[in-house]
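Okay, structure first, notes after.
For clarity, every value in this text was computed on a predicted model and none was experimentally measured. Lettering follows sequence order; numbering is per chain, from 1.
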Protein chains: 2
Amino acid sequence: MATRRQRTERRADALSKERIVEAAIEILDTDGERALTFRALTQRLATGPGAIYWHVENKGDLLAAATGDVIARVMTDVPEGTEPREAIRTMALGLFDAIDAHPWVGAQIAGEPWQFAMLQLFEGMGGQLKALGVPESAQFGAASALVNYSLGVAGQNAANARLVEPGTDRTAFLSGVVDQWVRLDPAKYPFVHQIAKQLVEHDDRDQFLAGVDLILAGVGTLG
Amino acid sequence: MATRRQRTERRADALSKERIVEAAIEILDTDGERALTFRALTQRLATGPGAIYWHVENKGDLLAAATGDVIARVMTDVPEGTEPREAIRTMALGLFDAIDAHPWVGAQIAGEPWQFAMLQLFEGMGGQLKALGVPESAQFGAASALVNYSLGVAGQNAANARLVEPGTDRTAFLSGVVDQWVRLDPAKYPFVHQIAKQLVEHDDRDQFLAGVDLILAGVGTLG
DNA sequence: ACCTGAACACCGTTCAAGT
DNA sequence: ACCTGAACACCGTTCAAGT
């Protein structure tokens with residue numbers, strides 16, 4: 001009797017949606033989006049495609065689940081009592097870091113619906129805006145601005161990550177971009193020339209946060 | 001002699017990268033991203049895949065060219081003498097409308113590098129920020145915020161467009177989303193409940209512009 | 001209920017052959 | 001120089017058959 005298994009208990013190597021999603025995330029992180037195929041997945045899980053399809057609707061479902069998993073981890077509660085502006089920065093930065101670590105999430109965001117993750121972002125941002133004293137009529141718009149800005153940066157980060165070869169040095173890559181920029185006609189592209197130097201030195205994270213602060217400063221003028 | 005053709009002259013039905021990109025855009029606009037295959041393209045252009053590959057590097061190249069084409073049209077010059085703030089609004093709205101009309105561009109943005117189109121956006125936004133009197137040290141960050149925000153909205157619009165069936169009514173779709181939202185625990189998601197009503201009524205374009213204004217207001221506090 | 005794996009339909013891409 | 005179209009390697013997905 002003591003050794004009787006519960007109904008929900010499974011063999012340790014039993015398949016499950018969680019194990020499949022976990023394996024998918026590993027493949028995506030280590031070998032990139034193109035490497036995630038059902039053949040790679042069947043090999044890693046030592047099974048056939050049919051077994052995977054028993055747990056997962058299709059590839060889109062799998063990708064959505066993987067994206068949801070990563071985003072869910074970001075939305076860990078900000079410590080109680082954190083100042084609203086700081087709480088917003090923390091959440092935004094969490095999103096930034098998560099997509100920096102898993103660039104495929106950034107690409108996925110523009111492609112598939114977010115649904116729940118999106119909703120959590122709105123709830124998190126919106127609650128803090130309320131605490132900040134932003135007028136109710138402006139809260140939706142302000143939350144939307146913060147979320148969309150963060151997603152825009154995420155998408156571009158993902159695009160850049162895909163552009164550079166996995167091994168490439170970041171500075172070397174940016175230098176190459178700048179080389180192209182300065183070759184342009186300065187009369188037609190004065191601003192691009194001006195920011196060319198800053199491009200190599202700038203910190204993506206800092207600039208992202210500066211953008212969040214810019215939106216928050218704009219929100220401050222509404223009060 | 002009078003009938004002698006110039007070297008660069010071609011038969012009217014001759015293939016060219018422009019004609020291929022044009023056909024690709026038509027397929028993307030009318031039938032969506034999934035419909036753009038080399039078979040669909042060869043059929044429409046009455047040729048073989050090899051002919052297309054003579055003019056185009058690969059599918060990524062084709063998609064990038066199509067995206068570039070659409071974005072280039074957006075960056076039509078804003079009338080000389082337009083007030084800077086208004087010029088920024090016009091450019092941002094042009095981007096919004098273009099991606100509203102060609103949702104696949106929004107998805108493409110997060111995926112492939114923009115390169116030239118991106119650069120044009122920065123140049124356009126940056127020049128106006130300079131005219132606005134934004135301190136030089138803040139111009140890069142402000143331009144980046146405006147561009148990334150616009151791209152974020154674009155990406156989400158594209159995702160939503162892909163989510164709804166081509167024929168679906170917008171209001172009906174949003175009502176469905178709201179139905180799901182209000183089913184959530186109000187104690188855990190008070191903000192989502194609060195904005196649920198606004199979601200159905202709100203105008204995407206207006207809200208996008210409001211976000212641009214929010215960033216511009218933030219920029220105004222820097223002066 | 002869950003897994004196996006052969007098979008199907010389709011895709012991007014190549015290439016020898018033509019003009 | 002440019003085009004043709006058969007062929008290749010690979011992919012997501014299905015399904016009859018097993019346990």
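Look at His55(B) and you'll find a side-chain N or O under 4.0 angstrom from OP1 or OP2 of dC3(D).
As a whole-Å value, the separation of Phe38(B) CZ from dC8(D) P is 20 Å. Rounded to whole Å, the distance from CG on Asn58(A) to C1' on dC10(C) is 16 Å. Taking atom CG of Leu63(A) as the reference point, atom P of dG12(D) lies 10 Å away to the nearest angstrom. Separating the CD1 atom of Ile20(B) from the P atom of dC2(D) is a distance of 12 Å, rounded to the nearest angstrom. For Ile52(A) and dA6(C), the CD1 to P distance is 15 Å, given to the nearest whole Å. Atom CD of Gln43(A) is separated from atom P of dC10(D) by 13 Å (rounded to the nearest Å). Spacing between atom CG of Asp61(B) and atom C1' of dT13(C) amounts to 14 Å, rounded to whole angstrom units.
Salt-bridge annotation for Arg44(B) and Glu26(B): present, with a side-chain N of the basic residue lying under 4.0 Å from a carboxylate O of the acidic one. Classification of Asp100(A) and Arg205(A) as a salt-bridged pair fails, no side-chain N sitting under 4.0 Å from a carboxylate O.
If you check dC3(C), dT13(D), dC2(D) against the side chain of Trp54(B), the one that comes closest is dC2(D). Distances were taken from every side-chain heavy atom of Arg39(B) (C-beta onward) to each of dT13(C), dC3(D), dG12(C); the shortest belongs to dG12(C).
Within 4.0 Å (heavy atoms only), Leu36(B) reaches sugar-phosphate atoms of the nucleic acid but no base atom.
Where Arg34(A) and Ala46(B) meet DNA chain D, the nucleotide closest to each residue was compared, and Ala46(B) sits on the side nearer the 5' end.
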### Task
Start with the C-alpha distance between Asp61(B) and Asn58(B), add both sets of side-chain angles, then the distance that settles side chain to side chain contact (heavy atoms under 4.5 Å, CB included), and finish with yes or no.
CA-CA 5 Å; Asp61(B) 179 33; Asn58(B) 49 43; 3.6 Å; yes
### Query
Hey, mind stepping through Tyr189(A) and Phe122(B) against ring-ring contact (aromatic ring centres under 6.0 Å, His included) and telling me if it holds?
CA-CA 9 Å; Tyr189(A) 299 96; Phe122(B) 260 94; over 10 Å; no
### Message
side chain to side chain contact (heavy atoms under 4.5 Å, CB included), that's the test. Do Ile27(A) and Thr37(A) meet it? Break it down for me.
### Response
CA-CA 9 Å; Ile27(A) 294 175; Thr37(A) 67; over 6 Å; no
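For DNA chain D, each stem of at least three Watson-Crick or G-U pairs (distances under 3.5 Å) is given as range with range: C:4-8 with D:12-16, C:12-16 with D:4-8.
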### Query
For nucleotides 14-19 of chain D, read 5' to 3', which letter fits each nucleotide if B means a protein heavy atom sits under 4.0 Å from the base, S means only the sugar-phosphate is that close, and - means neither?
BB----
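Partners of Glu33(B) under the side-chain hydrogen bond (donor to acceptor under 3.5 Å, both in side chains) rule, at least two apart in sequence or in another chain, are Arg162(B).
For an aromatic pair to be called close, the ring centres must be under 6.0 Å apart, and Phe191(A) with Phe140(B) fails this.
Between Val147(B) and Leu95(B), the closest side-chain pair of non-hydrogen atoms is not below 4.5 Å. Looking at Ile195(A) and Trp181(A), their side chains come closer than 4.5 Å, going by heavy atoms from C-beta outward.
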